[in-house]
Amino acid sequence: MKQLMILFLAIFALAACEKSTVGFLDVKNAAFTPDTLEIRTVLDPKKDANREKNQAPWVSGAIQSVLGTDPKVYEFVRVTSTAGEEAASLFASELKVYGNSRMEVPLQPAAPKGSYRITLKVRNEGYSALLPDIFTFIIK
């Protein structure tokens with residue numbers, strides 16, 4: 001009986017040593033609000049006076065409704081464009097994604113006029129999720 005009890009405890013101890021994933025990540029309601037940013041190639045003297053004076057880039061808002069254990073890291077995955085693959089590649093080279101999911105494009109992007117759909121990846125300890133076509137930049 002004593003040997004059976006020791007065997008049972010040994011099996012239980014080994015089963016308890018299984019490493020479980022820490023935290024969680026839920027992106028089912030993830031969204032940018034607004035989910036589109038229009039980039040004017042010809043700046044409006046009234047609307048864009050401050051932007052032009054400071055050479056301020058175009059910046060998206062932060063993503064909302066991404067639930068999970070911190071820290072969460074956002075990474076650029078890909079961009080698709082109505083202007084073609086070469087334009088998408090050029091736009092991708094100018095795009096910066098910051099840790100809080102904000103994205104930045106230079107004041108005067110080199111990419112041609114068109115629509116650019118961004119796919120991001122969010123990850124934290126033990127989890128990751130793809131956010132396909134989560135944001136759109138429109139260069140006019």
(message) side-chain contact (heavy atoms from CB on, under 4.5 Å) for Lys140 and Arg40? Distances and angles first, verdict last.
(response) CA-CA 5 Å; Lys140 289 187 166 192; Arg40 294 179 290 282; 5.5 Å; no
(request) Examine distances only and state if a side-chain atom of Asn100 and a backbone atom of Arg102 form a donor-acceptor pair shorter than 3.5 Å. (result) yes
(message) Looking at every heavy atom in both Lys72 and Asp70, which two are closest together, and how far apart are they?
(response) NZ-OD1, 2.7 Å
(request) Could you grab the distance from atom CD1 of Ile139 to atom CG of Leu37, nearest 0.5 Å is fine? (result) 10.0 Å
(message) Is there a continuous path of hydrophobic side-chain contacts, each under 4.5 Å between heavy atoms, that joins Val77 to Leu25?
(response) no
(message) Would you say that more than 12 heavy atoms from the other residues, nucleotides or ligands in this model lie under 6.0 Å from the CD of Glu104, or not?
(response) yes
(request) State whether the side chain of Tyr127 and the backbone N or O of Gly23 hold a donor-acceptor pair below 3.5 Å, judged by distance alone. (result) yes
(message) With a 4.5 Å cut-off on side-chain heavy atoms, are Ile138 and Ser115 touching?
(response) yes
(request) Please name the pair of heavy atoms, one in Ala111 and one in Tyr116, separated by the smallest distance, quoted to 0.1 Å. (result) CB-OH, 3.6 Å
(message) Please give me the minimum heavy-atom distance between Ser101 and Ser60, naming the atom from each residue.
(response) O-OG, 4.2 Å
(request) Calculate, to the nearest 0.5 Å, the distance between atoms CG and CG belonging to Leu107 and Asn54 respectively. (result) 10.0 Å
(message) If I take atom CG from residue Leu120 and atom OH from residue Tyr74, how far apart are they, to the nearest 0.5 angstrom?
(response) 9.0 Å
(request) Output, in order, the C-alpha distance, side-chain angles, deciding distance and verdict of side-chain contact (heavy atoms from CB on, under 4.5 Å) for Met103 and Val59. (result) CA-CA 6 Å; Met103 294 177 279; Val59 181; over 6 Å; no
(message) Does the Lys NZ or Arg CZ of Arg51 fall within the cation-pi geometry relative to Trp58 - under 6.0 Å from the ring centre and within 45° of the axis?
(response) yes
(request) Find the distance between CD (Gln108) and CD (Gln55) and round it off to the nearest 0.5 Å. (result) 8.0 Å
(message) If I compare all heavy atoms of Ser128 with all of Arg123, which pair ends up nearest, and what's the gap?
(response) CB-CB, 3.8 Å
(message) Within the 4.5 Å heavy-atom criterion, are Ile63 and Leu131 side-chain neighbours or not?
(response) yes
(request) Of all the heavy-atom pairs spanning Ala92 and Val79, show the shortest one and how long it is. (result) CB-CG1, 3.7 Å
(message) Less than 3.5 Å apart, any donor N or O on the side chain of Arg117 or Thr136 sitting next to an acceptor on the other?
(response) yes
(request) Verify, without hydrogens or angle tests, whether Gln64 (side chain) and Ala30 (backbone) share a donor-acceptor contact under 3.5 angstrom. (result) no
(message) Less than 4.5 Å apart, side chain to side chain, heavy atoms only: is that true for Val105 and Ile39?
(response) yes
(request) Mind listing the closest non-hydrogen atom pair of Leu90 and Ala110 along with its distance? (result) CD2-O, 3.4 Å
(request) To the nearest 0.5 Å, tell me how far Asp26 CG sits from Leu67 CG. (result) 5.0 Å
(message) A quick test of your reading: do over 12 heavy atoms of other residues, nucleotides or ligands sit less than 6.0 Å from CD of Glu52?
(response) no
(request) Taking Asn124 for its side chain and Thr69 for its backbone only, find out whether a donor-acceptor pair lies under 3.5 Å. (result) yes
(message) Do Val73 and Lys121 have side chains that approach each other closer than 4.5 Å (heavy atoms only, starting at C-beta)?
(response) no
(request) With rounding to the nearest 0.5 Å, note down the distance linking OG1 in Thr119 to CZ in Phe76. (result) 8.0 Å
(request) Would you please indicate if the ring centroids of Phe91 and Phe137 are separated by under 6.0 Å? (result) yes
